[in-house]
Amino acid sequence: MSIRTVGILTGGGDCPGLNAVIRGVVRKGMAEHNYRFRGVMQGWKGMMECLWQPLGLEEISGILPKGGTILGTSRTNPFKDPDGGDIVVENMKRMKLDALIAVGGDDTLTVAHKLAEMGTPVVGVPKTIDNDINHTDYTFGFDTAVNIVAEALDRIHTTAESHNRVMVVEVMGRHTGWIATHAGIAGGADIILIPEQKHSIADTVEIIRKRHDRGKNFSIVVVAEGVKIEDADVVAESGRDEFGHVMLGGVGHLIGKEIEKRIGFETRVTVLGHLQRGGTPTAFDRVLGTRFGIAAVELVAAEDFGKMVSLQGNEIVAISLADAIGTVKEVDRELFDIARVFFG
Ligand code: F6P
């Protein structure tokens, strides 16, 4: 098959580094393979509704340091519609796409995998600030989010210390605690609570008490939004998205209240929310996004479809989409044990 026109879409939550991928794809694909690119707008919504724009050198000029995605994004799941898969395949033809590069997290990549199984020439690029995609050591966006949280923790420290307060800082990460653990280590958290570990308010309060006993009268508690607490009802879910995922946010307030109630120290809560996803990507994320984009074009050129690019060690390799999707990559015990050394 001769490939002439390639589509690229970005799906799911936006993430710093997406524009680096788009730029890498277009620059490499135009220069070395003479491809023509079409930017599919708003993720899978664009494939369902034929929303696209031409993507050439002019469109990608100056986008490397920009956060978000110039193509827009959505959490649309085509397979919610029984005919969704066929509609996407039909629209590939209508948009004259010979191949498609789908950049996204587990949801976007699961759709890509289903389409690949239907014979669609698609390759995936993993993306998420949560860093929870299997078989890739890192995803771009994560480093930026960690740096934003670490800087916030530095700032929280000075006000915590001035007021002798317990400061609870809630961070994103959905069902994993990668952002909480990395940023907590980098920002000197006194306790980190993540979904992968068992936690209780009793233990948390005990750690804070011991810390105060040794003369420290402020504490920083980093909380991953998806954490579960054994001895308190602190579930903060506000519904489900199109892929059936719970929408999280607010657990920090519930935990903060419980801490204050049980220990009596004045407590304040900061929810960092979408600040973690916005703005310019770090150099690391720009480089990783660029490497992923270039590797994705190479997969298209090799007609090696149904695959996803991934970072293993310092190598970019291709793995089957089927291997990457469906389960989350959890924070490993050894890493959390390093964080634990500094608790209290
Ligand atoms: O998956 C990325 C992420 O930022 C999660 O950490 C968070 O739970 C979720 O997306 C928030 O989604 P939305 O932007 O749709 O509220």
Side-chain angles (χ1 to χ4, degrees), residues 9-19 21 42-45 67-69 71-77 80 102-112 124-134 136 138-150 152 169-184 192-196 222-228 234-255 269-282 285 288-289 308 324-331:
L9 65 80
T10 54
D14 72 329
C15 170
L18 281 167
N19 289 326
V21 179
Q42 299 173 47
W44 293 115
K45 185 174 194 285
T69 159
L71 299 177
T73 185
S74 70
R75 292 197 188 277
T76 301
N77 177 5
K80 264 196 97 179
V103 191
D106 191 64
D107 297 333
T108 304
L109 297 173
T110 299
V111 172
V125 175
K127 160 253 55 158
T128 171
I129 64 163
D130 302 339
N131 197 41
D132 63 352
I133 297 180
N134 268 312
T136 182
Y138 289 101
T139 44
F140 59 87
F142 172 64
D143 185 64
T144 305
V146 167
N147 275 284
I148 291 168
V149 176
V169 182
E170 179 186 316
V171 303
M172 283 184 165
R174 210 168 242 167
H175 302 301
T176 60
W178 286 103
I179 297 176
T181 306
H182 274 245
I192 304 169
L193 308 178
I194 64 170
E196 292 90 334
V222 173
V223 174
E225 63 179 353
V227 75
K228 305 254 179 320
V234 293
V235 177
E237 298 176 359
S238 60
R240 291 187 179 259
D241 67 19
E242 278 215 10
F243 286 88
H245 295 303
V246 287
M247 296 192 273
L248 298 164
V251 73
H253 284 286
L254 302 172
I255 290 175
V269 178
T270 305
V271 180
L272 291 175
H274 290 83
L275 272 179
Q276 296 159 91
R277 285 219 316 244
T280 189
T282 58
D285 284 337
L288 184 57
M308 176 191 98
I325 58 169
T327 53
V328 291
K329 179 184 71 182
E330 298 191 334
V331 172

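Remember, it's 1-based here, ligands and their atoms both numbered in the order they're listed. Values below: all heavy atoms of this structure, side chains included; hydrogens, waters and symmetry mates excluded. Because the structure is a prediction, the values reported are computed rather than measured.
Heavy-atom proximity to atom 7 (C) of ligand 1, evaluated over R174, R277, E225, is greatest for E225.
By the criterion of a heavy-atom distance under 4.0 Å, neither the backbone nor the side chain of L248 is placed next to ligand 1. Contact annotation for D241 and ligand 1: no heavy atom of the residue comes within less than 4.0 Å of the ligand.
In this structure, G105 has no heavy atom closer than 4.0 Å to ligand 1. For the pair H274 and ligand 1, a heavy-atom separation below 4.0 Å is found. Not a single heavy atom of M247 sits under 4.0 Å from any atom of ligand 1.
Atom CZ of F140 sits about 11.5 Å away from atom OG1 of T282, to the nearest 0.5 Å. Distance check: D285 CG to L18 CG gives 10.0 Å after rounding to the nearest 0.5 Å.
Numbered from 1 in the order shown, with element, the atoms of ligand 1 that lie under 4.0 Å from a heavy atom of I129 read 4 (O). Set against the non-hydrogen atoms of G173, the atoms of ligand 1 under 4.0 Å away are 6 (O). Short contacts between ligand 1 and R75, defined as distances under 4.0 Å to a heavy atom of the residue, involve ligand atoms 9 (C), 10 (O), 11 (C), 12 (O), 13 (P), 14 (O), 15 (O).
A cation-pi arrangement is found for K329 relative to W178, the charged atom lying closer than 6.0 Å to the ring centre and inside a 45° cone about the ring normal.
When side chains are defined from C-beta on, K127 does not count as touching T10, because their heavy atoms never get closer than 4.5 Å. The shortest distance between side-chain heavy atoms of H182 and V331 does not fall below 4.5 Å. The closest side-chain heavy-atom distance from V171 to Q276 is below 4.5 Å. Residues D107 and N77 have side chains not in contact (no heavy-atom distance under 4.5 Å, counting atoms from C-beta outward).
In terms of protein heavy-atom proximity, atom 6 (O) of ligand 1 is nearest to D130 OD1, 2.7 Å.
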